[in-house]
Amino acid sequence: MLNNYIPERALFIYAHPDDIEFGVAGTAAKWAQAGAEVTYILITDGNIGSHDPEMTPEKLAEIRRREQTESAEVVGAKCVFLGYPDGRLVPDLGLRKDLTREIRRFKPNVVVCGDPTIVISSSNRINHPDHRAAATAAIDAVFPTADSPLIFPELVTEGFPPHKVNYVLLSYGRDADLYIDITATIDLKIEALRRHTSQIGDWDPSERLRDWSAEVGKKAGFAHAESYRLITLNPLEAESE
């Protein structure tokens, strides 16, 4: 199992600034601390996420990019912003091509993204359509597109040859079969989320994040954990023995 696996390179693909911090930043921090090259792909700028009548999408985009960049720095990650329209994301071929380019650029061993199958996440929560679109596009970019030279041959011409991803970790879903111990990085996860002040205001996320991660951790014997559904596409030799 990959509970203690540290990838050389990891790509986190999500729709909005703060999606990673709420769900998977503990894992990102753990890997980065161990020497992994961790990159966040933010597909939209989250620039309709405000009810302030004085706010504009352009101003909010600047704010949220700054917050996300600072948040990533807390855990040792870097950010790529694709600038797609917030609230109107669709998993079309244009998005798949852009994500394929980034996968080939960064050559991750692991891609972390949402679960594209989750529509109703609980009895009182509907999964955001941007989350579903981002997850679907990420999965489609990983397979078969990133490893297929003939789907977007122009990417090869641009200098982005095919790349095969080893593992995909699906977050925010059901049927978890991989639990990553984030006990040593839960504080970094909390601090990273605090940087998104345009979204959380004066709210202190410490208790909520600790309660969530402790509840997940109980299932695997950890004080704090994040859970995933693991997809193994190209197992590394050391992990397949």
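Only this structure's heavy atoms are used, side chains among them; waters, hydrogens and symmetry mates stay out. Positions are given from 1 along the sequence.
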Same cluster or not: [X] versus [Y], using hydrophobic residues (I, L, V, M, F, W, Y) connected whenever any side-chain heavy atoms lie under 4.5 Å apart?
| X | Y | answer |
| --- | --- | --- |
| Val168 | Val110 | no |
| Val216 | Val24 | no |
| Ile231 | Leu236 | no |
| Leu42 | Val38 | yes |
| Ile103 | Leu89 | yes |

Exercise for review: For residues 192-206, pull every pair meeting salt bridge (charged side-chain N to carboxylate O under 4.0 Å, His left out), keeping only residues two or more places apart or in separate chains.
Suggested key: Glu191-Arg194, Glu191-Arg195, Arg194-Asp204
ring-ring contact (aromatic ring centres under 6.0 Å, His included) pairs, two or more places apart, involving [range]:
| range | value |
| --- | --- |
| residues 179-212 | none |
| residues 27-58 | Phe12-Trp31, Phe12-Tyr40 |
| residues 73-110 | none |

**Study point:** Test side chain to side chain contact (heavy atoms under 4.5 Å, CB included) applied to Ile180 and Tyr5, step by step
**Key:** CA-CA 9 Å; Ile180 294 182; Tyr5 169 63; over 6 Å; no
Could you measure the distance from the [atom1] atom of [X] to the [atom2] atom of [Y]? Nearest 0.5 Å is fine.
| X | Y | atom1 | atom2 | result |
| --- | --- | --- | --- | --- |
| Leu193 | Ile190 | CG | CD1 | 8.5 Å |
| Glu37 | Arg9 | CD | CZ | 7.0 Å |
| Thr157 | Leu155 | OG1 | CG | 8.5 Å |
| Asp45 | Glu58 | CG | CD | 10.5 Å |
| Thr117 | Arg229 | OG1 | CZ | 6.5 Å |
| Leu99 | Cys113 | CG | SG | 9.5 Å |

Please report the closest heavy-atom contact between [X] and [Y], naming both atoms and the distance.
| X | Y | value |
| --- | --- | --- |
| His131 | Ala15 | CD2-CB, 4.1 Å |
| Ala134 | Ile43 | CB-CD1, 3.7 Å |
| Thr69 | Cys79 | CA-SG, 4.1 Å |
| Pro162 | Pro149 | CG-CB, 3.7 Å |
| Pro7 | Ala36 | O-CB, 3.0 Å |

Is [X] reaching over with its side chain to a backbone N or O of [Y], donor-acceptor style, under 3.5 angstrom?
| X | Y | value |
| --- | --- | --- |
| Asn109 | Glu8 | yes |
| Asp177 | Leu230 | yes |
| Glu226 | Gly26 | yes |
| His163 | Pro108 | yes |
| Glu102 | Ile41 | no |
| Ser71 | Glu67 | no |
| Ser148 | Leu150 | no |

Check your understanding: Taking only residues two or more places apart in sequence, or in another chain, which ones meet Ser171 in a side chain to side chain donor-acceptor pair (under 3.5 Å)?
Key -> Tyr14
Review point. Cut-off 3.5 Å, side chains only: do Thr185 and Gln33 have a donor facing an acceptor?
Key: no
List the residues meeting salt bridge (charged side-chain N to carboxylate O under 4.0 Å, His left out) with [X], not counting sequence neighbours, and say none if there are none.
| X | answer |
| --- | --- |
| Lys59 | none |
| Asp18 | Arg64 |
| Asp19 | none |
| Asp147 | Lys164 |

Practice item. Could you walk me through whether Val165 and Asn234 pass side chain to side chain contact (heavy atoms under 4.5 Å, CB included), step by step? Key: CA-CA 7 Å; Val165 174; Asn234 183 35; over 6 Å; no
Is the shortest side-chain heavy-atom distance between [X] and [Y] below 4.5 Å?
| X | Y | answer |
| --- | --- | --- |
| Tyr167 | Thr232 | yes |
| Thr39 | Leu11 | yes |
| His16 | Gln68 | no |
| Ile13 | Val112 | no |
| Asp181 | Lys30 | yes |

Exercise for review: Please step through side chain to side chain contact (heavy atoms under 4.5 Å, CB included) for the pair Lys189 and Val75, ending with a clear verdict.
Suggested key: CA-CA 7 Å; Lys189 177 176 181 173; Val75 304; over 6 Å; no
Could you tabulate the donor-acceptor pairs under 3.5 Å formed by side-chain atoms of residues 136-145, not counting sequence neighbours?
from   : atom 1 : to     : atom 2 : distance (Å)
Thr136 : OG1    : Arg132 : O      : 3.0
Thr145 : OG1    : Arg96  : NH1    : 3.3
Thr145 : OG1    : Asp140 : O      : 2.8

Exercise for review: Answer yes or no: is there an ion pair linking Asp98 with Arg101, defined by an N-O contact shorter than 4.0 Å?
Suggested key: yes
Exercise for review: Take Asp130 and Asp86 through the test side chain to side chain contact (heavy atoms under 4.5 Å, CB included) and record every step on the way to the result.
Suggested key: CA-CA 8 Å; Asp130 282 1; Asp86 186 17; 3.2 Å; yes
Review point. Quick one: hydrophobic cluster around Ile63, which other residues, with the 4.5 Å side-chain cut-off, linked directly or via members?
Key: Met55, Leu60
Counting only heavy atoms not in [X], do more than 12 fall under 6.0 Å of its [atom1]?
| X | atom1 | answer |
| --- | --- | --- |
| Leu233 | CG | yes |
| Glu158 | CD | yes |
| Glu207 | CD | no |

Review point. Given the rule in the salt bridge (charged side-chain N to carboxylate O under 4.0 Å, His left out) test, do Asp92 and Lys97 qualify, once you have shown the distances and angles that lead to the verdict?
Key: CA-CA 9 Å; Asp92 59 15; Lys97 180 179 177 180; over 6 Å; no
**Study point:** ring-ring contact (aromatic ring centres under 6.0 Å, His included) partners of His224, counting only residues at least two apart
**Key:** none
